[in-house]
Amino acid sequence: MNIDKLPIPLFIAHRGIRHRFPENTIASFQGAMDAGAHMIELDLCLTKDRQLVVIHDETVDRTTNGSGRVRLLTMEALAQLDAGSWFDPRFSGERLPTLAQVLALAKGKILVNIEIKPEAFEVHGPKDAIERQVLELVRSQQMEEDVLISSFQWQVLKRMRKIAPNIALGLLSNIPADDRLFSWHRKIQGFSWHPDYRVVTRPQVEILHQMGAKVFPYAVNGRIDTHRLREMGVDGLMVDDPDQMAVSSI
């Protein structure tokens with residue numbers, strides 16, 4: 001992934017523009033593109049019939065009119081759910097998208113950060129494991145240079161590196177960078193570190209930069225201190241609203 005020609009810090013739309021649109025939906029991702037985002041970030045889970053669905057939670061309860069665990073529902077059942085009305089009646093009928101639908105929307109227009117949720121990782125590594133499905137789809141769309149794969153489950157990134165020598169990988173964490181993270185960054189030849197914005201310090205940013213890594217902090221519950229993070233020299237900000245790229249502090 002080459003971001004050298006893009007302005008720093010990158011404007012990364014966290015689950016799309018989730019402050020203005022229902023998160024992780026086509027409407028939210030299109031809204032991010034319209035707002036001038038450089039990258040969209042999405043969350044990826046596996047369905048009961050092992051399809052790639054874009055949703056953050058382990059259940060559909062919070063962001064749809066349905067209920068139940070994602071992994072116990074088929075893609076056909078998930079596709080019937082209303083994923084927009086909970087946010088605003090204007091988005092009634094918005095659906096949970098598949099990864100294929102989001103990549104089709106983004107291709108040639110915007111970079112994509114695919115976060116593989118920890119619950120989708122399978123220790124036994126089946127032939128249709130989520131990391132293999134993601135790679136196959138990304139390659140079929142010829143988007144290897146446009147996609148960044150991240151996860152809190154670093155084992156899935158280790159698996160991805162074995163089958164994809166050149167794809168960009170990002171380590172997610174909600175604790176400060178430490179020797180373990182530095183070791184894993186080297187092990188998977190990581191592209192970036194994606195920390196909870198509250199744990200980032202200038203020395204950590206400097207160490208990661210010395211290792212050749214980018215630093216992309218993410219917003220938490222809609223909050224992110226953009227002024228402090230800019231001063232630290234981070235490379236991108238995962239924000240919930242375009243206005244957060246310009247404000248001095250939240």
Side-chain angles (χ1 to χ4, degrees), residues 12-32 37 40-106 112-123 126 128-131 133-134 137 149-156 170 172-175 194-198 218-224 238-241 244 250:
I12 306 171
H14 189 214
R15 306 182 208 170
I17 301 296
R18 64 189 295 252
H19 184 72
R20 302 181 183 180
F21 301 88
E23 66 180 60
N24 278 321
T25 61
I26 293 298
S28 190
F29 299 132
Q30 182 62 60
I40 55 174
E41 185 268 355
L42 60 85
D43 302 283
L44 195 66
C45 295
L46 270 180
T47 67
K48 181 179 181 179
D49 52 342
R50 306 191 64 75
Q51 302 300 304
L52 304 176
V53 65
V54 178
I55 186 172
H56 178 272
D57 298 358
E58 290 187 53
T59 74
V60 300
D61 300 44
R62 181 177 63 87
T63 58
T64 78
N65 63 339
S67 64
R69 296 174 68 83
V70 175
R71 63 187 299 178
L72 299 180
L73 297 168
T74 65
M75 191 65 236
E76 182 179 7
L78 291 167
Q80 303 305 311
L81 300 178
D82 182 337
S85 294
W86 68 274
F87 184 84
D88 190 289
R90 293 182 296 119
F91 298 105
S92 175
E94 194 71 29
R95 304 302 177 188
L96 295 174
T98 63
L99 179 59
Q101 290 171 326
V102 179
L103 292 184
L105 176 74
V112 183
N113 173 195
I114 301 170
E115 179 187 335
I116 297 177
K117 303 303 289 183
E119 57 268 23
F121 174 69
E122 296 166 295
V123 176
D128 63 346
I130 192 167
E131 62 271 16
Q133 289 198 51
V134 169
L137 181 57
I149 311 295
S150 63
S151 186
F152 280 101
Q153 174 49 268
W154 299 345
Q155 289 288 350
V156 78
L172 271 156
S173 71
N174 54 14
I175 58 175
H194 306 179
D196 178 328
Y197 84 92
R198 297 169 297 184
Y218 62 86
V220 179
N221 296 324
R223 298 178 65 86
I224 187 166
M238 294 190 199
V239 300
D240 295 337
D241 191 300
Q244 292 174 316
I250 291 183

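Of all non-hydrogen atoms in Ala120 and Leu44, the two that sit nearest each other are CB-O, 4.5 Å. The shortest non-hydrogen separation linking Leu137 to Leu52 is CD2-CD1, 4.4 Å. Across Ile130 and Glu122, no two heavy atoms sit closer than the pair N-OE1, 4.4 Å. Summarising the geometry of Ala13 relative to Ala32, their closest heavy-atom pair is CB-CB, 3.4 Å, with the distance given to 0.1 Å. The heavy-atom pair separating His14 from Ala219 by the smallest distance is CE1-O, 3.6 Å. When all heavy atoms of Ile17 and Gly31 are compared, the pair lying nearest together is CG1-C, 3.8 Å.
Distance alone, capped at 3.5 Å, places no donor-acceptor pair between the Ser151 side chain and the Trp154 backbone. Put simply, the side chain of Glu41 never gets that close to the backbone of Asn113: no donor and acceptor are under 3.5 Å apart. No donor-acceptor pair closer than 3.5 Å links the side chain of Thr47 to the backbone N or O of Val53. With hydrogens and angles disregarded, no donor-acceptor distance shorter than 3.5 Å links the side chain of Glu23 to the backbone of His56. Side-chain atoms of Asp61 come within 3.5 Å of backbone N or O of Gly68 as a donor-acceptor pair. For Gln51 (side chain) and Asp49 (main-chain N/O), a donor-acceptor pair under 3.5 Å exists by modelled atom type. The backbone N or O of Gly222 sits less than 3.5 Å from a side-chain atom of Gln244, completing a donor-acceptor pair.
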Test side chain to side chain contact (heavy atoms under 4.5 Å, CB included) on Trp86 and Thr63 and set out the steps.
CA-CA 6 Å; Trp86 68 274; Thr63 58; 3.9 Å; yes
Run the side chain to side chain contact (heavy atoms under 4.5 Å, CB included) test on Ile55 and Asn24 for me, step by step, so that the C-alpha distance in whole Å, both residues' side-chain angles and the decisive distance to 0.1 Å come before the verdict.
CA-CA 6 Å; Ile55 186 172; Asn24 278 321; 5.6 Å; no
Might you work through the side chain to side chain contact (heavy atoms under 4.5 Å, CB included) test for Phe87 and Thr25, ending with a clear yes or no?
CA-CA 11 Å; Phe87 184 84; Thr25 61; over 6 Å; no
Working for side chain to side chain contact (heavy atoms under 4.5 Å, CB included), residues Val102 and Ile40
CA-CA 10 Å; Val102 179; Ile40 55 174; 3.9 Å; yes
Cut-off 3.5 Å, no hydrogens considered: what does the side-chain donor-acceptor table look like for residues 69-81, sequence neighbours left out?
from: Arg69; atom 1: NH2; to: Glu58; atom 2: OE1; distance (Å): 3.0
from: Thr74; atom 1: OG1; to: Ala77; atom 2: N; distance (Å): 3.1

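The aromatic rings of Phe152 and Tyr218 sit perpendicular, their planes meeting at an angle over 60°, well past the 30° parallel limit.
The list of salt bridge (Lys or Arg N to Asp or Glu O under 4.0 Å) pairs with a residue in residues 84-99, not counting sequence neighbours, reads Asp88-Arg90.
At least one side-chain heavy atom of Gln133 sits under 4.5 Å from a side-chain heavy atom of Arg50.
The salt bridge (charged side-chain N to carboxylate O under 4.0 Å, His left out) check on Asp82 picks up nothing, with sequence neighbours excluded.
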